Structure formats: C-alpha cells, structure tokens
Amino acid sequence: MSARIVEVEAYIGEYDPACHAAPGPTPRNKTLYGVPGLTYVYLIYGIYYCLNFVTEAKDCPAAVLIRAGEPVEGFEPIQNVGYSKSPVDRRLSGPGKLCREFGLSTAHTGIDLTGDVLYVEDRHEPAPIIVASPRIGITKATDRLWRFHDANSQAVSGKSLKAQS
DNA sequence: CAGACGATGCACT
DNA sequence: GTGCATCGTCTGG
C-alpha cells in the first residue's frame with residue numbers, strides 16, 4: 001500500500017508542551033530520544049493509533065505526526081455512490097484513520113523508515129503549495145504554526161471541505 | 001452544517 | 001484517578 005502524505009505536524013523537544021517528550025523520558029516515549037528515521041506509534045483515546053517519524057538527532061526528542069494522506073496504491077477504487085459529482089477520497093484524512101487503513105499499531109514502533117517494511121520515498125512530483133497553521137486536537141502551545149498541509153489536497157483532516165484561497 | 005459527546009485503554013502522577 | 005496529537009454519530013437550527 002502507498003499514499004501521498006498531505007498533512008503533518010511537528011512536535012519538537014521537551015520544551016514543546018504538546019510533545020510526548022514534555023514530561024521528560026518515560027517508557028512510552030523512549031524512541032523519541034533515539035536515533036532519527038524510525039517510526040513512533042502510540043495509542044490515543046484507547047481506540048486509535050497515531051504514526052510519527054522520529055526526526056532529530058539522538059537525545060533530541062522530536063517527531064513528525066503523519067496526519068493525512070491520499071491513497072495511491074493498494075486501495076480499492078473509490079466508490080461513487082449515487083449521483084455524487086466529485087467523490088473525495090478521505091479514507092486517510094486523519095491520523096487515526098490513516099493508521100487504521102494501514103493496519104498500524106504500537107507494534108510498529110521502531111521501524112526503520114529507510115528499510116523495506118514501512119518507508120518514505122520521493123516520487124519526484126511537483127512540490128505542492130504548503131500552508132502552515134496551528135496544530136489540531138491539542139490545548140497547549142496552540143500559538144505555534146507547526147501543522148503543514150497541501151493547500152490543494154481534499155484529503156486533509158477535519159470535516160470542512162471549504163474552498164481554499 | 002456546526003457543535004456536543006461517547007467510546008475505550010493505557011501512560012503517567 | 002486524570003487526561004489524552006481521534007472519529008463517527010447524534011442533535012438542533
């Protein structure tokens with residue numbers, strides 16, 4: 001399966017109140033303190049999982065949350081129900097949905113993203129227009145504009161299908 | 001269409 | 001015991 005990443009958020013260091021490393025090292029967040037380039041998956045609200053990529057150097061706990069994607073390969077064609085005009089594929093439009101569709105759980109923490117199990121690849125597509133905005137679903141540090149999404153993607157998280165400017 | 005809310009498990013204090 | 005980096009459903013306007 002593959003998808004084009006269209007929305008991410010940054011969580012950077014112990015001094016980022018919204019980062020899982022904010023309380024300091026714990027059993028759960030230990031992979032954030034390790035080498036970059038690995039996955040970090042955690043359980044949220046008892047039901048959903050969230051996929052992160054560990055980014056900064058060892059002992060600098062930081063990660064990028066993968067919030068949404070557009071299905072590319074390995075997905076059934078989108079079903080055009082009834083007479084809806086332009087069906088939008090939102091199966092990966094949210095971190096919980098994305099992990100569900102890819103079958104990811106905490107067992108998938110620590111995977112090397114340069115390996116061949118779960119990895120990132122540059123497909124040399126034209127660079128999208130990227131918009132910065134506040135991170136979603138948190139109450140702390142909402143002033144930081146550390147959410148980034150493709151301005152032209154209809155698969156970003158949230159319900160709104162409002163037009164972009 | 002927007003806002004409220006319940007589900008559900010576990011890390012952390 | 002508290003609080004989540006969520007989502008789908010239900011409600012009211």
Side-chain angles (χ1 to χ4, degrees), chain A residues 1 3-34 36-56 59-71 75-76 78-79 81-111 113 118 120 130-151 153-165:
Chain A
M1 304 169 70
R4 186 175 76 92
I5 297 171
V6 298
E7 179 183 357
V8 299
E9 283 175 4
Y11 289 86
I12 311 176
E14 294 180 346
Y15 298 103
D16 174 1
C19 182
H20 279 191
T26 66
R28 179 176 65 157
N29 66 25
K30 70 170 186 285
T31 66
L32 292 178
Y33 287 83
L38 302 187
T39 57
Y40 168 62
V41 184
Y42 66 88
L43 176 66
I44 188 67
Y45 298 116
I47 305 179
Y48 299 102
Y49 296 97
C50 288
L51 170 66
N52 293 252
F53 297 162
V54 178
T55 51
E56 301 292 326
D59 296 323
C60 181
V64 169
L65 168 69
I66 309 304
R67 284 198 59 89
E70 292 176 357
F75 293 86
E76 294 301 317
I78 187 168
Q79 302 186 20
V81 180
Y83 294 94
S84 63
K85 321 176 174 158
S86 47
V88 175
D89 198 330
R90 299 179 62 77
R91 279 175 289 183
L92 305 178
S93 65
K97 296 161 75 176
L98 187 143
C99 282
R100 188 177 60 191
E101 294 299 313
F102 276 88
L104 298 175
S105 71
T106 48
H108 302 275
T109 282
I111 293 176
L113 287 163
L118 174 61
V120 182
I130 299 174
V131 178
S133 55
R135 294 174 292 182
I136 290 179
I138 58 172
T139 55
K140 297 171 238 171
T142 52
D143 57 314
R144 293 157 165 82
L145 303 182
W146 286 350
R147 170 178 177 252
F148 305 93
H149 70 275
D150 181 338
S153 176
Q154 294 291 90
V156 294
S157 66
K159 302 179 181 184
S160 169
L161 293 177
K162 264 195 197 161
Q164 327 257 354
S165 61

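Worth saying up front: this structure is predicted, and the values here are computed from it rather than measured. Here is how names work: the chains are called A, B, and so on, in the same order as the sequence lines, proteins then strands, and each is numbered from 1.
Not one N or O on the side chain of A:Glu70 forms a donor-acceptor pair closer than 3.5 Å with the backbone of A:Ser153.
For the C1' atoms, the distance from C:dG8 to B:dC10 is 22 Å, rounded to whole Å.
Of the listed nucleotides (B:dT8, C:dG8, C:dA5), C:dA5 has the atom at the smallest distance from the side chain of A:Ile44. For A:Asn52, taking side-chain heavy atoms from C-beta onward, the closest of the listed nucleotides B:dC10, C:dC7, C:dA5 is C:dA5. Checking C:dC4, C:dA5, B:dT13 against every side-chain atom of A:Lys140, the shortest atom distance belongs to C:dC4.
When rounded to the nearest whole Å, the span between OH of A:Tyr40 and P of C:dA5 equals 9 Å. A:Leu32 has its CG atom 12 Å from the C1' atom of C:dA5, to the nearest Å. Here the P atom of nucleotide B:dA11 and the OH atom of A:Tyr49 are 11 Å apart, to the nearest Å. Put simply, OH on A:Tyr48 is 20 Å from P on B:dA11, counting in whole angstrom units. The CD atom of A:Glu101 sits 11 Å away from the P atom of C:dC7 (whole-angstrom rounding). If you take OH of A:Tyr45 and P of B:dC5, they are 15 Å apart, rounded to a whole angstrom. Per the geometry, CG belonging to A:Asn29 stands 18 Å off P belonging to B:dC10, to the nearest Å. Following rounding to the nearest Å, A:Ile138 (CD1) and C:dC4 (P) show an atom-to-atom distance of 10 Å.
Backbone-only contact: A:Leu43 has heavy atoms under 4.0 Å from sugar-phosphate atoms and none from a base. Across all strands shown, A:Arg147 has no heavy atoms under 4.0 Å from either base or sugar-phosphate atoms. Heavy atoms of A:Gly46 sit under 4.0 angstrom from at least one base atom.
When all heavy atoms of A:Val8 and A:Val64 are compared, the pair lying nearest together is CB-CG1, 3.5 Å. Across A:Tyr11 and A:Asp16, no two heavy atoms sit closer than the pair CA-OD2, 3.4 Å. Of all non-hydrogen atoms in A:Pro36 and A:Glu56, the two that sit nearest each other are CB-O, 3.3 Å.
Pair assignment for C:dT11: B:dA2, on the basis of Watson-Crick or G-U wobble contacts that are both within less than 3.5 Å. In this structure, C:dA5 forms no base pair with any nucleotide, since neither Watson-Crick nor G-U wobble geometry is met with both distances under 3.5 Å.
At a cut-off of 3.5 Å, with distance as the only test, no side-chain donor of A:His108 or A:Tyr49 sits close to an acceptor on the other residue.
At the phosphate of C:dT6, neither OP1 nor OP2 sits under 4.0 Å from any side-chain N or O atom of A:Arg100. In terms of phosphate contacts, A:Arg28 brings no side-chain nitrogen or oxygen within less than 4.0 Å of OP1 or OP2 of C:dC4.
Remark: ring of A:Tyr42 does not overlap the six-membered base ring of C:dA5 in a stacked fashion, as centroids less than 5.5 Å apart with planes less than 30° apart are not both met.
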